Amino acid sequence: MKPLHSNSLLLAWRVAEAEAKRLNAPEIEPIHLLIGLAKVVDLDLPPLLSKNLADRDEILEEFLREVRRLRTVFRTAQVDPAALRRALRGKPMHQRFSVPEAETLHRSADARKTFADADHFAQLADSPVYPVHLLYAVLLHEDDGIKAACANLSIDRKRFQEVASREVIWRDEKTPHGNKPKTRWN
């Protein structure tokens, strides 16, 4: 069974799409996904949701919890999300033509593969796909723009990957995803 995409992941995806449009990219690439993930940690989340939304509280709680997980990864890996965004935006992004604002951008083959990896990580945890799963998948993806931005900012990519991995593997066991019984060791 394919895991569901969480509301917080959909938010990060929309931010990545907006970033790709801003950079006049023909498709959403993994680099745009990383920009979106680095941007969502700085958003003021409550105003993004309509006060008339029926399940607003649950969605807002998820947004806050999952964005906190992303912030934890960035902070622990000693990565400044704003500086990373700026460095990533400065890289050439296949600017072949301008995409009209109303048009929905589709993911590139690399971005679809990155999402498939995130889906796989979520399946291992028997959870919906959260932004931290996507972050880990993006960090594992071999992208020259991401590598160059990390090198320019002296970001230890290996450490960044390890911190994201721990958040995906260890924290997923503690995060409530439903009525899955916990394994107990005797």
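Because the structure is predicted, anything quoted here is derived from the model rather than measured.
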Quiz item: Can you list the steps and then say if Asp80 with Leu153 is a side-chain contact (heavy atoms from CB on, under 4.5 Å)?
Solution: CA-CA 9 Å; Asp80 178 358; Leu153 294 172; over 6 Å; no

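- Listed here is the closest heavy atom pair of Val67 and Val41: CG1-CA, 3.8 Å.
- Every residue two or more places apart in sequence or in another chain that forms a side chain to side chain donor-acceptor pair (under 3.5 Å) with Arg85 is listed here: Asp42.
- For the pair Ser6 (side chain) and Val129 (backbone), a donor-acceptor distance under 3.5 Å is present.
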Self-check item: Worked verdict on Asp119 versus His5 for side-chain contact (heavy atoms from CB on, under 4.5 Å)
Solution: CA-CA 8 Å; Asp119 286 347; His5 292 151; 3.2 Å; yes

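- Checked against salt bridge (Lys or Arg N to Asp or Glu O under 4.0 Å), Asp117 has the following partners two or more places apart in sequence or in another chain: Lys113.
- Note that SG of Cys150 and CG of Leu34 are 7.0 Å apart. Values are rounded to the nearest 0.5 Å.
- Atom OG of Ser165 sits about 11.5 Å away from atom CZ of Arg159, to the nearest 0.5 Å.
- The two residues Leu43 and Arg71 have their closest heavy-atom pair at O-NH2, 4.3 Å.
- Just one of Glu66, Arg65, Glu62 meets the side-chain hydrogen bond (donor to acceptor under 3.5 Å, both in side chains) condition when paired with Ser8; it is Glu62.
- Ring orientation note: the planes of Phe115 and Trp13 are tilted relative to one another, at an angle of 30° to 60°.
- Summarising the geometry, atom CG belonging to Asp143 is positioned 8.5 Å from atom NZ belonging to Lys147; distances are rounded to the nearest 0.5 Å.
- Heavy atoms only, all atoms of each residue included: Leu37 and Ala12 are closest at CD2-CB, 3.8 Å.
- In this structure, the side chains of Val73 and Phe160 come closer than 4.5 Å at one or more pairs of heavy atoms.
- Between Glu167 and Thr76, every side-chain heavy-atom pair lies at or beyond the 4.5 Å cut-off.
- Between Leu105 and Pro26, the closest heavy-atom pair is CD2-O, 3.5 Å.
- With values rounded to the nearest 0.5 angstrom, Ile169 atom CD1 is found 8.0 Å from Phe121 atom CZ.
- In terms of heavy atoms, His133 sits closest to Pro128 at CE1-O, 3.5 Å.
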Please list every donor-acceptor pair under 3.5 Å in which a side-chain atom of residues 47-59 meets a protein atom from a residue at least two apart or in another chain.
unit_1: Ser50; atom_1: OG; unit_2: Asn52; atom_2: N; d: 3.1
unit_1: Arg56; atom_1: NE; unit_2: Leu49; atom_2: O; d: 3.2
unit_1: Arg56; atom_1: NE; unit_2: Ser50; atom_2: O; d: 3.3
unit_1: Arg56; atom_1: NH2; unit_2: Pro46; atom_2: O; d: 2.8

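- Using a 4.5 Å cut-off on side-chain heavy atoms (C-beta onward), Tyr130 and Leu9 make no contact.
- Taken to the nearest 0.5 Å, the CD1 atom of Ile28 stands 9.0 Å off from the OG1 atom of Thr104.
- Using a cutoff of 4.0 Å between basic side-chain nitrogens and carboxylate oxygens, Arg22 and Glu19 are scored as salt-bridged.
- Nearest heavy atom pair, residue Leu23 against residue Ile35, reads CD1-CD1, 4.0 Å.
- Distance alone, capped at 3.5 Å, places no donor-acceptor pair between the Arg107 side chain and the Arg112 backbone.
- Atom CZ in Arg166 sits 12.5 Å away from atom CD in Gln161 (nearest 0.5 Å).
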